[in-house]
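Quantities reported herein were computed from a predicted structural model and do not represent experimental measurements. Basis for what follows: all heavy atoms, side chains included, without hydrogens, waters or symmetry-related copies.
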Amino acid sequence: MSEACNKLKRRDFLRLSGGAAATFLAAHRRWVCSRPAAPARLAGSLNLVFAGSSLRNASPKRGKKPNIVLIVADDWAHMDLGIAGHPLLKTPNLDRLAAEGVRFTRAFTPNPICTPSRAALLTGQDCWTNGCYFFGMPIRPESKHFAQLFSQAGYETFYTGKWHNDALPSQRGFTAGKYIGGGGPGSGGHFKPMVRDFGGGNRWQIEQFDSELFTDAAVQFIHSRQAGSAGHDHARLQRAGEKPFLLFVSYMTPHDPWTPPGKYATMYKPQTIELPANFMPRPMNGAEPFKYYTDWHGNNLRDEKQMVPFPRTPAGVRSVRSRYYGAITHDDEQIGRILHKLDEKQLTEDTLVIFLADHGISLGAHGISGKQTMYEEGIRLPLVMRYPRLKRGSAENSNLVSLIDIFPTICEAADITIPDSIEGKSLLGPYQGKERWHRERIFASFVSPTRHRLNIRCIRTERYKLIRHLTTDEVELYDLEKDPYELNNLARQKRFSRLKKRLAAELLAWRTKAESLLDARFSILDEYRVSSIEYRRIVTHLSPLKGGLIKPSVAGLTEAQNGPVLKSNYDSTVTVDGQAPGNGR
């Protein structure tokens, strides 16, 4: 039994057994005491993102090593695929991939912005564990990157496209690559992206649409491989100098600016596009519990200010979506080129292909433009896998899955031991329809240390979701079975008070464990420098309070730089039905 569990004596539980405190402590005890103690260096780092998660090394196997192709898109909503039932979108190549494999219909990111979501993908860890939860933050040195393991296991690891994390692919385990992009296309947009050579060096501009450029690099790499066949002798090929490969293609699209090339720019007519079922001109027309977005946040955050005119209009949303859809269909064509090249080289049967996005995008849903939200449009993403070596189960799988599951999935496929520090689970069992595990709940976070001060957490079960706005102390509760577009907030209805209390306690128990990992070395990076020239320095000090609660404070900014300061802006204490667990405020 862990030290944390020993500290929670029965008499303490009984003494605090009234009201919300009992609910929280019961959830915390279940959370902590049900898990084996971790080594000191990994204390608290296991199983943070998903309750009930158990880590398991891949069973040792001998035989052929499969090829791995990871295709990652940027800002792609989970339902925006033809095979997902979209009435207008044309995505024939991804539809084919899903028809030959499995589409995971409930896949999520732990954090709905690019840098943390990609860090979660690279490390198999939640953002609080790997230390990267906002733009520009580095991944902890002790967090392993999957490319390092694959390179050590004899794989050729090739990277092309957007790189929005610290260092470079060449410093994170990749052995080769071409056209390494930054966090976005740069001043030249998608038509003239800024890229680097694989080894680094100065950035240079190239005149070619970025997704076509990255696809060219991927296709050329596959073309250089020796042709295979189902059942070819991998040992012979490796003796001949041919290694199995891991190919990572990281698109900058369909991220804004939505400027697809050629016919794709006008493929979808605005007047034919349906508005989202939860379209709003502004978040709930300014009514609670969405006031934080409406009052001033929506006029400051880039995604809300620049991407879709505010307040949102049907014409504005349709115009943006028409170009966004064009970008998706153009991306689908590029993905088709990769699939065709695998077919041409007879590598399809021996290759695991995974397509996913780093997070979703709103584009008018809930009156929000971007992805910095805990609604399904922000945290939910498309995920499709095809692995011909395995007999698939159903064509769709509704498990709650995450970006952190990709790391153990490709490790198990390649017979590479999954590190104990990995918090995700392999998807190969669910892929075959074998429920080796079942995830009951998933957690997500977003916190901006800039002046926007958007600070949100959520817990999502198979049916319900509770969202906590830490800046304004607002709560949202949704029954996703009856209300999939999250329009009917149940948080203030008395008949749901017990459910709200339970979910709030589970969320707080997770936060108490997960966020406490930010120790003195990695506490929001002392002297953390944001990229915007508006801010010179944000110094954040994290001090764990009783109950493991976190209360950061900001220094180094004047009120003019920081915007109006609310007393509760950085108080992340969670109350349950008006009562504060532990020490309270």
Verdict with reasoning, Asp74 to Cys114, per side-chain contact (heavy atoms from CB on, under 4.5 Å): CA-CA 8 Å; Asp74 199 338; Cys114 299; 3.4 Å; yes

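- Below 30°, between 30° and 60°, or above 60°: for Phe174 and Trp163 the angle between ring planes is above 60°, a perpendicular geometry.
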Stepwise side-chain contact (heavy atoms from CB on, under 4.5 Å) test for Thr373 and Ser362: CA-CA 9 Å; Thr373 170; Ser362 297; 3.8 Å; yes

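- The side chain to side chain donor-acceptor pair (under 3.5 Å) contacts involving residues 327-340 comprise Asn93-Asp332, Ser211-His330, Glu212-His330, Asp216-Arg337, Thr253-Asp331, Tyr264-Glu333, Tyr268-Thr329, His330-Gln334, Gln334-Arg337, where partners must be two or more places apart or lie in separate chains.
- Remark: the Thr351 side chain and the Arg386 side chain contain no N/O donor-acceptor pair separated by less than 3.5 Å.
- Below 30°, between 30° and 60°, or above 60°: for Tyr375 and Tyr478 the angle between ring planes is above 60°, a perpendicular geometry.
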Step-by-step side-chain contact (heavy atoms from CB on, under 4.5 Å) determination, Ile83 to Leu97: CA-CA 10 Å; Ile83 201 166; Leu97 194 70; over 6 Å; no

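- A search for salt bridge (Lys or Arg N to Asp or Glu O under 4.0 Å) contacts involving Glu377 returns nothing, not counting sequence neighbours.
- Ring centroids of Tyr159 and Phe248 are separated by less than 6.0 Å, placing the two rings close together.
- For the residue pair His86 and Tyr325, a side-chain donor N or O sits within less than 3.5 Å of a side-chain acceptor on the partner.
- In this structure, Lys144 has no salt bridge (Lys or Arg N to Asp or Glu O under 4.0 Å) partners at least two apart in sequence or on a different chain.
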Test side-chain contact (heavy atoms from CB on, under 4.5 Å) applied to Glu462 and Arg439, step by step: CA-CA 9 Å; Glu462 292 185 309; Arg439 188 171 277 140; over 6 Å; no

